[in-house]
Amino acid sequence: MPDVADRPREQEDGAVTEQADQPARPRRSRARLLLGLAAAVLALDVATKLLVVATLSDREPLRLLGGALYLTEARNTGAAFSFAEGATVVFTLIAVAVVVVIVRSARRLFSTGWAVALALVLGGAVGNLLDRVFRDPGFLRGGVVDFLSLFDPYGRVWPIFNVADSAIVCGGVLGAVLAFRGVEFDGGRSSSRTADATDSAGVGE
């Protein structure tokens, strides 16, 4: 006759075995999060630019927050924050390449952090790209609408920027933090994989 005290242990061992036999739940792709957030950034960027062009053209800068922020329309033919003006075509082609790479990476994206970072960059890149394509002076050379100026109405303290510029910079900073912490697109960590590979090599020996 089996000992009664052994029954809970047998049941517990059985439960552990059943849990071990259960297949691991499949990881969920973050492609929808990436595309949805990118679309939201793009919509906000386009809406604010249309509003600025309709209300601030040929008007004096609008002073807000006691002079900490000014709204003023400006056209930028360079990169974000008016960097390298005059290289519009080059930055347009770079933006196209960035968009293609991010979209192609969406299928293997399982990290929420990377999804947010890439969505910010994607939405901002497409927002400025639309200006390059459709605004004057012409195809691939259009001036991007900027309107946010800090501490000065004419960008003398900090270059005038827009929502897309802010999204690109925030996404880049978040991506740098994730890369520094070793977080990869699939949600794993590079340091953990290195340790696992080292342990496997040690077992093989």
Side-chain angles (χ1 to χ4, degrees), residues 15-48 76 78-84 87-133 140 144 146 148 158-159 161-205:
V16 171
T17 303
E18 291 177 359
Q19 292 178 359
D21 292 339
Q22 291 179 354
R25 293 194 301 179
R27 296 175 299 173
R28 295 181 58 185
S29 172
R30 296 296 185 265
R32 290 186 178 181
L33 173 61
L34 184 153
L35 297 178
L37 182 56
V41 172
L42 175 60
L44 180 61
D45 180 63
V46 171
T48 52
N76 171 25
F81 299 103
S82 301
F83 173 75
T88 310
V89 175
V90 174
F91 288 114
T92 301
L93 296 178
I94 292 175
V96 172
V98 169
V99 170
V100 171
V101 170
I102 292 177
V103 171
R104 293 190 63 180
S105 302
R107 292 183 178 180
R108 59 187 182 88
L109 187 63
F110 296 93
S111 166
T112 300
W114 274 113
V116 173
L118 294 181
L120 292 173
V121 174
L122 178 61
V126 174
N128 283 342
L129 183 60
L130 292 179
D131 284 357
R132 310 273 190 210
V133 173
L140 299 184
V144 174
D146 290 337
L148 298 170
W158 185 262
F161 59 100
N162 57 32
V163 172
D165 295 336
S166 301
I168 291 171
V169 171
C170 291
V173 171
L174 177 57
V177 172
L178 293 171
F180 179 78
R181 295 183 60 189
V183 179
E184 299 185 350
F185 280 11
D186 62 1
R189 289 180 178 270
S190 56
S191 57
S192 299
R193 293 188 175 185
T194 303
D196 292 341
T198 302
D199 292 342
S200 299
V203 172
E205 294 174 357

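- Between atom CZ of residue Arg30 and atom CG of residue Leu37 there is a gap of 13.5 Å, rounded to the nearest 0.5 Å.
- Proximity of Val169 to Phe161: side-chain heavy atoms (C-beta onward) are nowhere separated by under 4.5 Å.
- For Ala106 against Ser29, the heavy-atom pair with the smallest separation is O-OG, 3.7 Å.
- Between the side chain of Trp114 and the backbone N or O of Val183 there is at least one donor-acceptor pair closer than 3.5 Å.
- Heavy atoms only, all atoms of each residue included: Val121 and Gly172 are closest at CG2-N, 4.0 Å.
- The heavy-atom pair separating Leu178 from Ala117 by the smallest distance is CD1-CB, 4.5 Å.
- In summary, the side chains of Asp131 and Asn76 do not present any donor paired with an acceptor at a separation below 3.5 Å, with no hydrogens or angles considered.
- For the pair Leu130/Leu42, a side-chain contact is recorded, criterion being any heavy-atom separation below 4.5 Å from C-beta on.
- Scanning all heavy atoms of the two residues, the minimum distance from Ala95 to Ala125 falls at CB-O, 4.5 Å.
- Put simply, the side chain of Ile102 reaches to within 4.5 Å of the side chain of Leu34, judged on heavy atoms.
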Please step through side chain to side chain contact (heavy atoms under 4.5 Å, CB included) for the pair Ile168 and Asn128, ending with a clear verdict. CA-CA 10 Å; Ile168 291 171; Asn128 283 342; 4.1 Å; yes
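- Of all heavy-atom pairs between Ala164 and Gly124, the closest is CB-O, 3.3 Å.
- Between Leu120 and Ala167, the closest heavy-atom pair is CB-O, 3.3 Å.
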With side chain to side chain contact (heavy atoms under 4.5 Å, CB included) as the criterion, how do Thr48 and Asn162 come out once you've worked through the C-alpha distance, each side chain's angles and the decisive distance to 0.1 Å? CA-CA 9 Å; Thr48 52; Asn162 57 32; over 6 Å; no
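- Not one N or O on the side chain of Arg107 forms a donor-acceptor pair closer than 3.5 Å with the backbone of Ala31.
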